[in-house]
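Data block below; observations after.
Worth saying up front: this structure is predicted, and the values here are computed from it rather than measured.
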Amino acid sequence: MKLTNAFAKKCGIKSLSILYNFQDISVGGNSNSGISGQQSVSVNNQHSVANVDNDNGWDSWNSIWDYHTNYAATRFFGKKKCIVHRMNKEVMPSLQTLDALVKEKKLQGEGPGGPPPKGLMYSINPKEVNDLSELGKPIASMCRGIPTYMAEEIEGASLFFAKEDCFSADVLWILNISFCGKTVES
């Protein structure tokens with residue numbers, strides 16, 4: 001406890017309880033999973049936006065789900081690219097559901113122990129998006145200055161992408177998202 005208090009003081013944190021107010025969710029971290037890092041989820045009900053941060057070194061990414069515009073975007077830091085897609089409201093949790101899960105801290109630990117996560121697969125259009133303003137302010141701000149591409153959802157499994165590189169942006173234990181196409185290879 002003394003070491004934790006010393007760390008808090010060194011970081012300029014006045015009260016240790018502040019450390020526990022963050023909604024940090026461990027992703028993997030055990031030696032068998034091959035996954036390490038942290039995920040945190042923030043929900044802004046006023047602006048109808050959810051933000052998911054995945055901090056995992058070179059494989060870090062940030063995702064914004066804008067429930068007002070019905071667009072979601074994921075910025076892959078190591079690939080220096082932003083991928084935007086329409087939100088599938090039948091698969092993606094509602095803002096209220098996501099907010100409730102975060103507040104109840106049901107997203108922490110080794111998973112909720114419920115049904116397996118839902119999955120979405122997207123094909124990335126290799127043509128770069130020129131006008132980010134039509135995607136809404138949160139997404140335009142996050143993707144400004146880096147190559148941004150639109151992606152279309154692929155229904156069911158596709159053998160077409162079996163040989164191509166896909167990049168995953170798995171959100172906690174509730175949603176597995178795969179982006180496939182030539183733009184994720186480099």
Side-chain angles (χ1 to χ4, degrees), residues 25 27-28 35 37 39-45 47-54 56 59-102 107 111-112 114-144 146-186:
I25 295 104
V27 179
I35 301 171
Q39 263 189 22
S40 62
V41 177
S42 305
V43 175
N44 183 323
N45 287 307
H47 293 104
S48 299
V49 173
N51 184 47
V52 181
D53 288 307
N54 186 70
N56 189 15
D59 292 328
S60 295
W61 51 265
N62 175 258
S63 189
I64 291 180
W65 298 355
D66 188 338
Y67 288 84
H68 179 70
T69 63
N70 198 31
Y71 281 111
T74 303
R75 179 177 180 165
F76 298 103
F77 293 103
K79 298 190 179 296
K80 298 179 184 169
K81 292 183 172 118
C82 205
I83 309 298
V84 180
H85 60 89
R86 283 262 180 213
M87 293 174 60
N88 181 336
K89 291 185 178 181
E90 292 179 16
V91 178
M92 297 176 80
S94 70
L95 188 64
Q96 293 77 19
T97 301
L98 192 58
D99 189 33
L101 289 171
V102 170
L107 301 175
K118 296 179 180 179
L120 292 169
M121 181 178 268
Y122 291 91
S123 171
I124 302 170
N125 183 338
K127 183 181 176 197
E128 197 170 329
V129 174
N130 294 324
D131 184 12
L132 296 175
S133 66
E134 63 189 35
L135 304 172
K137 286 183 181 182
I139 291 174
S141 295
M142 182 178 78
C143 296
R144 185 172 289 120
I146 62 170
T148 301
Y149 304 91
M150 291 299 294
E152 295 291 325
E153 185 177 351
I154 302 169
E155 295 290 331
S158 174
L159 295 176
F160 177 73
F161 287 107
K163 295 181 182 177
E164 288 196 56
D165 283 25
C166 294
F167 192 83
S168 294
D170 296 339
V171 180
L172 309 169
W173 294 275
I174 56 174
L175 189 62
N176 295 335
I177 301 175
S178 296
F179 298 100
C180 303
K182 294 183 187 277
T183 58
V184 295
E185 291 176 4
S186 57

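Counting all heavy atoms, side chain and backbone alike, Val91 lies closest to Gly119 at CG1-O, 4.4 Å. Contact between Phe76 and Ile83 at its shortest, heavy atoms only, is CE1-CG1, 3.6 Å. Minimum heavy-atom separation, Gln39 to Val52: OE1-CG1, 4.1 Å. When all heavy atoms of Pro93 and Leu98 are compared, the closest pair comes out as CG-CD1, 4.4 Å.
Here the CD1 atom belonging to Ile177 is positioned 13.0 Å from the SG atom belonging to Cys166, to the nearest 0.5 angstrom. Note that NZ of Lys118 and CG of Leu175 are 9.0 Å apart. Values are rounded to the nearest 0.5 Å. The line from OG of Ser168 to CE of Met121 is 8.0 Å long, rounded to the nearest 0.5 Å. Note that NZ of Lys81 and OG1 of Thr148 are 11.0 Å apart. Values are rounded to the nearest 0.5 Å. Once rounded to the nearest 0.5 Å, the distance linking CG of Asn44 with CG of Asp66 reads 10.0 Å. Separating the CG atom in Leu132 from the CE atom in Met142 is a distance of 10.0 Å, to the nearest 0.5 Å.
With contacts defined as side-chain heavy-atom distances shorter than 4.5 Å, the pair Leu135/Met150 qualifies. The shortest side-chain heavy-atom distance between His68 and Val49 does not fall under the 4.5 Å cut-off. Side-chain contact between Leu120 and Met92: present, with at least one pair of heavy atoms (C-beta onward) separated by less than 4.5 Å. Side-chain contact between Asn56 and Trp61: absent, with no pair of heavy atoms (C-beta onward) separated by less than 4.5 Å. Using a 4.5 Å cut-off on side-chain heavy atoms (C-beta onward), Glu152 and Tyr122 make no contact.
Each of Ile146, Val84, Ile139 was checked for a side chain to side chain contact (heavy atoms under 4.5 Å, CB included) with Arg75, and the lone residue meeting it is Ile146.
In this structure, a donor-acceptor pair under 3.5 Å is present between the side chains of Trp65 and Ser63.
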* Asked: Between Tyr71 and Arg86, does a side-chain contact (heavy atoms from CB on, under 4.5 Å) hold up when you go through it step by step?
  -> CA-CA 5 Å; Tyr71 281 111; Arg86 283 262 180 213; 3.2 Å; yes
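If you look at Tyr149 and Phe179, their ring centroids are not closer than 6.0 Å.
Environment of CD in Glu153: crowded, with over 12 heavy atoms of neighbouring residues, nucleotides or ligands closer than 6.0 Å.
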